[in-house]
Amino acid sequence: MCGIIGYLGYREAYPILISGLKKLEYRGYDSSGIAVFFENGYNLYKTKGRVYELEKKISSYRIQIKGTMGIGHTRWATHGIPDNINAHPHVSNSNELIMIHNGIIENYYAIKIILLKNGFTFKSKTDTEVLVNLIEYLKKENKLSLKEAVRISLNEIVGAYSIAIVEKSHPETIVIAKLGSPLSLGINDKEFFVSSDPISFIDYTKNVLYLKDGEMAILKKGKDLDLRNIIDNHRLNPIIKQLQINLKEIEKGKYKYFMLKEIYEQPKTILDTLRGRLLIPEKIICIDGIESNKDIFMNAKCITIVACGTSWHASLIGEYLLEELTRIRVEVEYASEFRYRNPIVGKKDIVIVISQSGETADTLAALKLAKKKGAFVFGICNVVGSSIARNVDAGAYTHAGPEISVASTKAFTAQITVLVLLALIIGKYRSTINDNRYEFLCKELGSIPEKVDYVLKTDDTIKKISQVYHNVNNFLYLGRGINFPVALEGALKLKEISYIHAEGYPAAEMKHGPIALVDENMPVFVIATKKGNYNKIIGNIQEIKARKGKVIAIINEGDIQVNMLADHVIKIPNISEIFSPLITVIPLQLFAYQIACIRGKNVDKPRNLAKSVTVE
């Protein structure tokens, strides 16, 4: 979940490292640091806090940092509290090796005991300092080159990692390696860029190599890339790809925060996800990964969807969609639980894995387990070339574009859009949707971007409601049917960026516990669409009002009954119930955003969270 940056070339390294760390800060921002190398030496700076604190600290020294090679890191703490000592880069006992690391070394403690017995000492609480000293120990004991010491050390560890390591006496070389955590390499004439995410070097090159698990690379100034297999040292042929990212996609533009920008991009990202797949005049939905595996989906008895966090909420919506339109039984699993409970998955089963980044550690592990058991694995992710994209049997990209804010918004609606398309195309194959309904739903799906744009115009109403409730410490979110997962997502957004305790519940379950919390100080968000068990929702609202609870209701235009009962209403266009989550979630995203702004929180970088969860 940390961010790695590195540069080796002819330019001054420091500006590249700092700029890169700022672009990677969504991956972790507990502490940060850089090391810039020159002949037989290096400058090392690190500090607790965000990258601007590091930049401020360095500028206070009033020195110029010279050097055309360096590495940098922004941290999300796993081992050891966020402080100056635990910040990366970490240095070996001899001060010869300097390393940055993303991931977790699971057997670090056993290795640490061995190193302590051999005279090593440790300043930090990190597993990274253990690894860099293991490399030093094996290098000295066996008189190995750095690359060979790294390779042998990595064969001894258990866990996940992306690393970049430099030897002080050979500052013209960086050794990098990957297992589980993402690592990309930008390549230009006479220079290399190393990063957890290629957006950090897009200003300089669009030529990118995505390291695969079990690969390492030796980067030398003035030399060609040397790519190796970690296990057997076999030399590999690098596959260079072209980045398709537009620079405007990773800039805030007129918006104060990326999150607001990404909320407002949803009409476009939903349209982009539909583009080329939904052909309304021809009455065709086309997804290559489904069409080329038509028989598998037509004959499926069960589909298991595996995901984490916001993607898990999208998966729950997918369960409703797929069961309704395809009549295939669907189970939704937390990826973190799926791999540890010995799931029953067979050769004729379908497992769908969903991840924004395509690098989520738990989801990737679940994918590998499903494939090991013989299941057909279909992936839904947002990042081309990601680990999930490379390892599934088939899949579909969401085309949401880079999502920088830690709290996911446009990726969520893009995932739902793909799941809608899957449900419609499979339902058509299996004849579980008649032609009239299929054509109607295809046409209505095409209208979603325009309707999302309409809902975005309710932001002023939402801002006024936020002013009323910004000091509240607890919220309840209620929904029924396909909008129950939307209630979960709304509560999650509020928790993530406002630090307000919030719970999402199926509305019918309120009387089985949560209603005990309802009083005049408990605001309750109710998703009250006309076609979603409307009369039952009315009853739930009455129960809340009878206990003096405050009701904020999302209603369809023209709704009179809830409009009269609720304390506040947010109106959305009429839409088929199975598509309603694409609309009902928008006000909840805006509400969380407005509350966080009023409370003075850093919306894009909420405390303790990171965007790409690459550790378990």
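Side-chain N/O atoms of S19 and K23 include a donor and acceptor closer than 3.5 Å. Inspection of the E333 and T304 side chains reveals no N or O donor paired with an N or O acceptor under 3.5 Å.
Pairs passing the ring pair (Phe, Tyr, Trp, His ring centres under 6.0 Å) check and including a residue from residues 367-392, sequence neighbours excluded, read F297-F376, F297-F378. Counting only residues at least two apart or in different chains, salt bridge (charged side-chain N to carboxylate O under 4.0 Å, His left out) contacts with residues 384-399 comprise K371-D393. The stretch residues 174-188 participates, sequence neighbours left out, in these salt bridge (charged side-chain N to carboxylate O under 4.0 Å, His left out) pairs: K178-D213. For residues 119-134, no pair satisfies salt bridge (charged side-chain N to carboxylate O under 4.0 Å, His left out), with sequence neighbours left out. Applying the ring pair (Phe, Tyr, Trp, His ring centres under 6.0 Å) test to residues at least two apart or on different chains, none of the pairs has a partner in residues 381-402.
Contacts of Y334 classified as side chain to side chain contact (heavy atoms under 4.5 Å, CB included), with partners at least two apart in sequence or in another chain: W312, S336, E337. Applying the side chain to side chain contact (heavy atoms under 4.5 Å, CB included) criterion to V418, with sequence neighbours excluded, gives T273, R277, I380, A396, T398, L422. Take E148 and apply the side chain to side chain contact (heavy atoms under 4.5 Å, CB included) test, not counting sequence neighbours, and it matches L144, S145, R151, I152, N233. Under the rule for a ring-ring contact (aromatic ring centres under 6.0 Å, His included), Y14 has no partner lying at least two apart in sequence or in another chain. Listed by chain and number, the residues in a side chain to side chain contact (heavy atoms under 4.5 Å, CB included) with P15 are E12 (sequence neighbours excluded). Every ring-ring contact (aromatic ring centres under 6.0 Å, His included) that F37 has, sequence neighbours left out, goes to Y42.
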Sequence neighbours excluded and cut-off under 3.5 Å, please list the side-chain donor-acceptor pairs for residues 156-168, or say none.
residue, atom, partner, partner atom, Å
S162, OG, S181, O, 2.5
S162, OG, P182, O, 3.2
E167, OE2, K139, NZ, 3.0

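A pairwise comparison of heavy atoms in I98 and I71 identifies O-CD1, 3.9 Å as the closest pair.
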